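All remarks here apply to the structure that follows.
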Amino acid sequence: RWFTHFYVVSVLWNGFLLIWLFQEKFLGGSLPSWIQHMHHALGRDSCSKDAGNEHFSALLVLLLLWLHSCRRLAECLWTSVFSSGVIHIVQYCFGLAYYVAVGATVLCQMPTNSRKGKELSVQISWYHIVGVVMYIWASLHQHRCLVILANLRKSKSGKVVSLSHSIPFGDWFERVSCPHYFAELLIYVSLAITLGFHNVTWWCVVMCVLFNQALAAVLCHEFYQKNFSSYPKHRKAFIPFVF
């Protein structure tokens with residue numbers, strides 16, 4: 001239930017960054033001095049030949065990240081049905097810090113000295129299209145799987161009737177125990193594609209998400225197998241047909 005706090009922080013912080021960066025890059029505005037200092041500290045000091053496209057890629061990724069946080073916040077508030085489970089204080093603090101750090105990570109993908117008073121050119125590349133399409137595809141499946149989980153605890157009229165666990169069926173649940181975790185990984189991979197594949201920093205974020213979601217998926221998979229003797233044997237924990 002307290003995951004909601006993570007998405008509130010992400011929507012506010014990354015939305016704030018998105019507004020200021022959009023104004024600075026396209027409307028001729030200027031960033032607050034403290035953001036400029038952070039940008040300088042985290043960004044690259046040299047200008048690449050494709051700086052305009054790199055700025056657009058980073059802005060697009062920040063927009064997609066913000067939209068993802070908005071959707072997850074809405075799902076936490078109006079879709080998911082939470083049990084009485086609790087979260088460890090260390091995990092809670094890490095989650096709050098993560099969604100602040102991930103926005104700063106996108107910020108540091110922009111070269112710091114590329115404008116020098118000139119307007120940026122925006123060129124949509126093939127990897128932008130591939131990344132956005134993959135992002136939409138993974139987001140739709142994640143939402144469907146979260147709806148399936150929520151409906152296990154609701155009656156046909158939409159009223160919550162139970163907080164117990166049941167075996168989910170439908171969509172990607174036919175292949176893995178935790179498809180919503182797998183979709184989360186695909187969303188972050190789609191953002192790496194949107195940045196142009198070669199961004200090492202963001203691939204480190206992807207690896208962090210991979211190990212975090214894989215661990216959670218294995219624990220859930222083991223819970224299902226332990227508590228439901230009729231649990232489908234063919235299902236993997238996290239990645240269809242693989243893991």
Side-chain angles (χ1 to χ4, degrees), residues 1-14 65-102 138-188 205-240 243:
R1 186 179 293 110
W2 279 24
F3 269 55
T4 304
H5 301 176
F6 301 162
Y7 300 119
V8 170
V9 169
S10 182
V11 168
L12 294 176
W13 168 247
N14 293 314
L65 180 66
W66 181 75
L67 290 174
H68 174 64
S69 300
C70 288
R71 177 179 62 83
R72 290 295 293 119
L73 176 59
E75 288 166 343
C76 285
L77 293 175
W78 297 299
T79 300
S80 298
V81 180
F82 299 102
S83 65
S84 56
V86 296
I87 185 173
H88 195 282
I89 184 63
V90 174
Q91 186 182 9
Y92 179 73
C93 293
F94 174 82
L96 293 176
Y98 171 81
Y99 282 100
V100 173
V102 77
S139 297
L140 286 174
H141 279 285
Q142 186 178 57
H143 177 71
R144 290 174 185 171
C145 292
L146 290 171
V147 169
I148 290 172
L149 285 176
N151 287 340
L152 291 175
R153 295 176 170 179
K154 296 179 182 179
S155 64
K156 291 183 178 180
S157 63
K159 182 180 179 181
V160 177
V161 294
S162 173
L163 294 181
S164 62
H165 295 279
S166 303
I167 301 177
F169 293 94
D171 204 77
W172 287 355
F173 278 110
E174 299 302 320
R175 295 297 178 186
V176 290
S177 296
C178 301
H180 47 308
Y181 295 157
F182 178 54
E184 185 80 2
L185 173 63
L186 292 181
I187 288 170
Y188 278 84
V205 176
V206 172
M207 293 303 295
C208 176
V209 173
L210 168 62
F211 288 115
N212 180 272
Q213 299 298 301
L215 175 60
V218 168
L219 294 175
C220 289
H221 186 67
E222 291 176 349
F223 173 86
Y224 282 128
Q225 291 179 323
K226 179 180 179 181
N227 290 276
F228 300 98
S229 58
S230 60
Y231 194 71
K233 302 295 183 181
H234 67 276
R235 289 189 190 180
K236 299 295 184 180
F238 184 45
I239 301 175
F243 174 70

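If you're wondering where the values come from, they're calculated on a predicted model, not measured in any experiment.
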Is the gap between the ring centers of W2 and Y92 under 6.0 Å?
-> yes
How long is the span from the OG atom in S10 to the CG atom in L65, to the nearest 0.5 Å?
-> 5.0 Å
For V176 and F238, which heavy atoms make the closest approach, and how far apart are they?
-> CG1-O, 3.5 Å
Is there a side-chain contact between W13 and L96, using heavy atoms and a 4.5 Å cut-off?
-> no
Taking the six-membered ring for Trp and the full ring for Phe, Tyr or His, determine whether the centres of Y7 and Y99 are under 6.0 Å apart.
-> yes
Do Q213 side-chain atoms and V209 backbone N/O form a donor-acceptor pair below 3.5 Å?
-> no
Where do Y224 and H165 land on the ring pair (Phe, Tyr, Trp, His ring centres under 6.0 Å) test, with the steps shown first?
-> CA-CA 9 Å; Y224 282 128; H165 295 279; 7.3 Å; no
Does NZ or CZ of R235 fall inside the cone over Y231's six-membered ring, less than 6.0 Å from its centre and within 45° of the axis?
-> yes
Closest non-hydrogen atom pair, L152 against I167 | CD2-O, 4.0 Å
Answer yes or no: is there a donor N or O on one side and an acceptor on the other, between the side chain of R175 and the main chain of P240, under 3.5 Å?
-> no
In terms of ring plane angle, is the pair F182 and W172 parallel, tilted or perpendicular, where the classes change at 30° and 60°?
-> tilted
Find the distance between CG (L210) and CD1 (I239) and round it off to the nearest 0.5 Å.
-> 6.5 Å
Would you say the side chain of F169 lies within less than 4.5 Å of the side chain of P232, judging by non-hydrogen atoms?
-> yes
Compare every heavy atom of C145 with every heavy atom of P179, then report the nearest pair and how far apart it is.
-> CG-SG, 3.5 Å
Which heavy atom of T79 sits nearest a heavy atom of K154, and at what distance?
-> O-NZ, 3.5 Å
Side chain W66, main chain V11, donor-acceptor under 3.5 Å = yes
Does V218 reach the side chain of F243, with side-chain heavy atoms less than 4.5 Å apart?
-> yes
Report the distance from atom CZ of R153 to atom OG of S80, rounding to the nearest 0.5 Å.
-> 9.5 Å
Would you say R72 and L146 make side-chain contact, with heavy atoms under 4.5 Å?
-> yes
Could you tell me the separation between the NE2 atom of H68 and the OH atom of Y188, rounded to the nearest 0.5 Å?
-> 5.0 Å
In terms of heavy-atom contacts, S162 and S164 come closest through OG-OG, 2.7 Å
Without hydrogens or angle criteria, can the side chains of E184 and H180 be said to hold a donor-acceptor pair below 3.5 Å?
-> no
For C208, does its backbone N or O pair with a side-chain atom of N212 as donor and acceptor, under 3.5 Å?
-> no
Take I187 and Q142 through the side chain to side chain contact (heavy atoms under 4.5 Å, CB included) test and state the conclusion after the steps.
-> CA-CA 9 Å; I187 288 170; Q142 186 178 57; 3.6 Å; yes
Sub-4.5 Å side-chain heavy-atom contact between F82 and C76 | yes
Any chance you could lay out the side chain to side chain contact (heavy atoms under 4.5 Å, CB included) test for H5 and V9, step after step, and finish with the verdict?
-> CA-CA 6 Å; H5 301 176; V9 169; 5.6 Å; no
Identify the two heavy atoms, one from H221 and one from S177, that lie closest to each other, and give their separation to 0.1 Å.
-> ND1-OG, 2.6 Å
Identify whether the distance between the nearest side-chain nitrogen and carboxylate oxygen of E75 and R71 falls below 4.0 Å.
-> yes
Do H141 and D171 have a side chain donor and acceptor closer than 3.5 Å?
-> yes
Can you list the steps and then say if Y181 with L186 is a side chain to side chain contact (heavy atoms under 4.5 Å, CB included)?
-> CA-CA 9 Å; Y181 295 157; L186 292 181; over 6 Å; no
